[in-house]
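Written below as structure tokens is the structure these notes are about.
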Amino acid sequence: MFGAGALAASVVSSGPSVGARTATCPLIGVNLAGAEFEMIGGRWKWPHLENLNYYLSLGVKVFRIPFKWNRLQPDIAKPLEPAALEGLDRLVGRAVGEGAVVLLDMHDYGRRDKIVIGDGTSAATLESYAAFWGELAQRYGKNSLVWYGLMNEPHDQDPILNLNTQNAACAEIRRRGATGTVLFSGIAWTGAHSWTKTSNGTVMLQAFDPADNYGFDMHQYLDKGFGGSNPIATEGIGKRILRSATDWATQHRKRIFIGEFATGRTKASLRELRDLLDVIVARPDIFLGATYWAGGGVWGNTNQQTVDPPRDSPGVMSEQMNLLLPYVGCRG
């Protein structure tokens, strides 16, 4: 198990943060889902190393690892949970040891125990939220390959509160010496398609990173409702859906990471997925990268959108992964 700071000492990055450099191509990778659904135990747990190794063998160099806050810290008033950290340490250590970026993603929708963080009624205050991120920064922060996704898909909450809590977390991450890229999320499920139609387009301009090494985590599914529940993509969506967010980022000199995107296996849907990826890789000045939803080894054979290989045919690559592969490392 990695102790605080031991991971950074074991896999030290001698160069600048990936996010801080002038990128030649966006990083294209996958989410490793599992630990964001429930507490320790049962089906929903940290992905096995075998699943991570599968993607590493394909050359994938960025992984978003979602988790619930209360998985890593069941009691806000107590230290982080060692048993839960062991699983995260294994994934982080293996990935960064292969030179891959790991994006730590608090997958809690702006809440803890269904109450908005920092709203005055929750034990999860702005200070305790920032302190949690400070603990992770203390543990992993000297390695610039470890990035920080402050919150997955905040929604139905005050946009200024969302901004203030994330600014506080970023400040604490930097105070603890972390060097990796920090990703801020907007309200309204942090959708790229709605970014400029909501307060995100103005409020999130006030996101502040003392290290000036940050971006915005935006999500973009390709179905009619943009929620990812339908595996059928809307015709023509791939080429146009990121246009307004790209224009916003260009105007304000901001950077975007598409933390979640996905579609189904039909030829038409895969065509839209390819178009979306073409848009992303064409603008390395704007897009830091993107992680597909999802891998992790928990989906089985019935999910039409996973990039995991079928359980009954582990040597068979999914249609989506076959399409993503040329974009990994900008080889396409």
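Values in this document were obtained by computation on a predicted structure and should not be read as measured data. Only this structure's heavy atoms are used, side chains among them; waters, hydrogens and symmetry mates stay out.
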* To do: Salt-bridge test for Arg176 and Glu172: reply yes if a basic N is under 4.0 Å from a carboxylate O, no otherwise.
  => yes

Which donor-acceptor pairs under 3.5 Å do the side chains of residues 187-197 make with protein atoms, sequence neighbours left out?
residue	atom	partner	partner atom	Å
Thr190	OG1	Gly186	N	3.0
Thr190	OG1	Asp217	O	2.6
His193	ND1	Gln220	OE1	3.2

* To do: Work out which heavy atom in Ala249 is nearest to a heavy atom in Ile286; give both atom names and the distance.
  =>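 Looking at all heavy atoms of both residues, the closest pair is CB-CG2, 3.7 Å.
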
* What is the minimum heavy-atom distance between Val203 and Pro159, and which atoms define it? ->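 The answer is CG1-O, 3.7 Å.
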
Under 3.5 Å: donor-acceptor pair, side chain of [X], backbone of [Y]:
X: Thr306; Y: Ala294; result: yes
X: Asn213; Y: Thr179; result: yes
X: Gln320; Y: Gln304; result: yes
X: Thr165; Y: Leu126; result: no
X: Trp147; Y: Val101; result: no
X: Asp275; Y: Ile237; result: no

* **Those residues that, when tested against Tyr129, pass side chain to side chain donor-acceptor pair (under 3.5 Å) (two or more places apart)** =>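 If we apply the side chain to side chain donor-acceptor pair (under 3.5 Å) test to Tyr129, skipping adjacent residues, there are no hits.
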
* Partners passing side chain to side chain donor-acceptor pair (under 3.5 Å) against Asp278 (at least two apart in sequence or in another chain) -> Tyr327

* Asked: Are Phe37 and Lys68 close enough, and set up right, to give a side-chain contact (heavy atoms from CB on, under 4.5 Å), and what steps lead you there?
  -> CA-CA 7 Å; Phe37 290 105; Lys68 289 179 69 68; 5.8 Å; no

Cluster check [X], [Y]: I/L/V/M/F/W/Y, side chain < 4.5 angstrom:
X: Tyr292; Y: Ile232; answer: no
X: Phe67; Y: Val62; answer: yes
X: Phe184; Y: Tyr109; answer: no

Please tabulate, one pair per line, all N/O donor-acceptor pairs under 3.5 Å involving side-chain atoms of residues 53-61, not counting sequence neighbours.
residue	atom	partner	partner atom	Å
Asn53	OD1	Arg94	NE	2.7
Asn53	OD1	Arg94	NH2	3.3
Asn53	ND2	Leu49	O	3.2
Tyr55	OH	Val307	O	3.2
Tyr55	OH	Asp308	N	3.2
Tyr55	OH	Asp308	OD1	2.6
Ser57	OG	Tyr54	O	2.5
Lys61	NZ	Glu98	O	2.4

Checking [X] now: which residues fulfil side chain to side chain contact (heavy atoms under 4.5 Å, CB included) with it, not counting sequence neighbours?
X: Pro310; value: Asn301, Asp312, Ser313, Val316
X: Ala290; value: Ile28, Ile258, Phe261, Ile280
X: Asp156; value: Arg111

With sequence neighbours excluded, residues passing salt bridge (Lys or Arg N to Asp or Glu O under 4.0 Å) with [X]:
X: Glu260; answer: Arg64
X: Arg283; answer: Asp285
X: Asp223; answer: none

Hey, are the side chains of [X] and [Y] touching, using non-hydrogen atoms and a 4.5 Å cut-off?
X: Arg90; Y: Glu86; answer: yes
X: Leu242; Y: Met218; answer: no
X: Ile117; Y: Trp69; answer: yes
X: Met106; Y: Leu150; answer: no
X: Asn152; Y: His219; answer: yes
X: Gln73; Y: Ser128; answer: no
X: Pro47; Y: Leu91; answer: yes
X: Thr263; Y: Glu272; answer: no

* Within 6.0 Å of NE2 in His155, more than 12 heavy atoms from elsewhere -> yes

* Got a sec, which residues hit ring-ring contact (aromatic ring centres under 6.0 Å, His included) with Phe63, two or more places apart in sequence or on another chain? -> none

* Asked: Judged by modelled atom types alone, do Gln251 and Asp247 share a side-chain donor-acceptor pair under 3.5 Å?
  -> no

* Test salt bridge (charged side-chain N to carboxylate O under 4.0 Å, His left out) on Arg71 and Glu36 and set out the steps. => CA-CA 8 Å; Arg71 175 182 287 267; Glu36 73 277 22; over 6 Å; no

* To do: Just grab all the salt bridge (charged side-chain N to carboxylate O under 4.0 Å, His left out) pairs involving residues 119-131, residues at least two apart or on different chains.
  =>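 Applying salt bridge (charged side-chain N to carboxylate O under 4.0 Å, His left out) to every pair that reaches into residues 119-131, excluding sequence neighbours, yields nothing.
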
